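Quick notes on the structure that follows.
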Amino acid sequence: TEENGASDLALYIQQLRLFFKLYFGVSEFTSEIKTTLERCLIELYEKFQITWETDVRGLGNSDFPIMEDLYNLVVEKANKEVEEYMKGIYRKLEMLLYSCAKGADSFIWNGHTTISGDNGFIDLDVSALLDADDNVKRSQFYNITMWAWQQMSEDRSQKVQFDIDEGYLF
């Protein structure tokens, strides 16, 4: 857990909420979608034995769920839901998750990351993102920035330099 008392999972869910808000768009990220998504994320992470008490530093990339796991859980919950209001929210969330789990954007997000911060110098070429939809750019640039921040702040005694070529595009 972090020094401020928030668990690793709580901090990660906060990051995921912002990621999905950027990906879905503000108008689609209603309080119902946000709350239902958070409930599903908590349940999904529990299925992967990641709880509020889990120290994620000992976990590998493949220990975490992928987008398809989340999508499948949402579909399962929609199929089991008997109350029409909640069934509608699950179906809406299913539609919002489709592209990143099974559709055109799945090549970006439906898999475990292969990126590693173990090298002394890391160069990320994200030029292909410049042709992506705005929601994909915003959410993926957010992911990259959060990953870079985690790498840079892992050892606060180590000096780190973070550069962005043509940062105005970022």
Side-chain angles (χ1 to χ4, degrees), residues 8-51 54 56-57 59-81 86-119 122-151 164-167 169-170:
D8 290 343
L9 182 59
L11 294 171
Y12 193 58
I13 286 176
Q14 290 173 1
Q15 289 177 357
L16 286 171
R17 281 194 312 232
L18 183 50
F19 165 81
F20 282 112
K21 183 177 182 178
L22 292 168
Y23 185 68
F24 296 162
V26 174
S27 63
E28 297 290 346
F29 201 67
T30 63
S31 60
E32 291 89 355
I33 290 294
K34 176 181 169 183
T35 302
T36 304
L37 174 65
E38 186 167 338
R39 287 178 176 170
C40 289
L41 287 168
I42 292 166
E43 183 177 333
L44 179 62
Y45 278 81
E46 284 176 355
K47 287 182 178 187
F48 280 75
Q49 285 75 51
I50 300 171
T51 66
T54 303
V56 298
R57 290 176 292 191
L59 300 178
N61 294 340
S62 62
D63 294 324
F64 290 87
I66 60 174
M67 286 295 182
E68 191 170 7
D69 297 321
L70 177 59
Y71 176 82
N72 290 339
L73 176 64
V74 170
V75 169
E76 175 187 322
K77 293 182 91 50
N79 290 338
K80 288 182 180 177
E81 183 62 54
M86 282 307 298
K87 184 184 274 296
I89 294 172
Y90 283 121
R91 291 292 182 216
K92 174 76 175 193
L93 184 54
E94 175 186 342
M95 297 292 287
L96 290 169
L97 289 169
Y98 182 82
S99 284
C100 64
K102 294 192 173 274
D105 300 335
S106 64
F107 76 99
I108 300 172
W109 291 304
N110 191 39
H112 297 104
T113 187
T114 57
I115 207 168
S116 172
D118 295 339
N119 298 316
I122 300 166
D123 182 18
L124 302 175
D125 181 0
V126 297
S127 59
L129 279 176
L130 298 178
D131 294 329
D133 292 339
D134 286 343
N135 67 318
V136 173
K137 272 191 279 203
R138 283 190 301 264
S139 49
Q140 188 63 344
F141 284 154
Y142 171 74
N143 276 347
I144 291 166
T145 305
M146 289 308 301
W147 178 82
W149 176 251
Q150 289 168 349
Q151 296 301 306
I164 301 175
D165 184 26
E166 299 187 58
L169 296 170
F170 199 84

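Note that the numbering runs from 1 along the sequence shown for the chain. Computed from a predicted structure; not experimentally measured.
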With sequence neighbours left out, write down each residue that passes salt bridge (Lys or Arg N to Asp or Glu O under 4.0 Å) with K87, or none if nothing qualifies.
-> none
[atom1] of [X] to [atom2] of [Y]: how many Å apart, nearest 0.5 Å?
X   : Y   : atom1 : atom2 : result
L70 : L16 : CG    : CG    : 9.0 Å
E94 : E76 : CD    : CD    : 12.0 Å
L22 : F29 : CG    : CZ    : 9.5 Å

For the residue pair F19 and Y23, does the interplanar ring angle fall in the parallel (under 30°), tilted (30 to 60°) or perpendicular (over 60°) class?
-> parallel
Whether Y45 and Y12 hold their rings parallel, tilted or perpendicular, with breakpoints at 30° and 60° = perpendicular
Y98, OH: over 12 other non-hydrogen atoms inside 6.0 angstrom | no
Any chance CE of M95 has more than 12 other-residue heavy atoms, nucleotides or ligands included, within less than 6.0 Å?
-> no
Has the side chain of [X] got a donor or acceptor atom that lies under 3.5 Å from a matching backbone atom of [Y]?
X    : Y    : result
S139 : V136 : yes
D105 : C100 : no
N72  : D69  : no

Could you tell me whether the side chain of [Y] reaches within less than 4.5 Å of the side chain of [X], counting heavy atoms only?
X    : Y   : value
W109 : I66 : no
I13  : E38 : yes
T36  : M86 : yes

Residues passing the side chain to side chain donor-acceptor pair (under 3.5 Å) test with R39, sequence neighbours excluded, are none
Can you sort out the partners of T113 under side-chain contact (heavy atoms from CB on, under 4.5 Å), two or more places apart, ordered by chain and number?
-> N61, I115
Quick one: do T54 and L9 satisfy side-chain contact (heavy atoms from CB on, under 4.5 Å)? Show the steps, please.
-> CA-CA 7 Å; T54 303; L9 182 59; over 6 Å; no
For the pair E43 and K77, find out whether any cationic side-chain nitrogen is under 4.0 Å from an anionic carboxylate oxygen.
-> yes
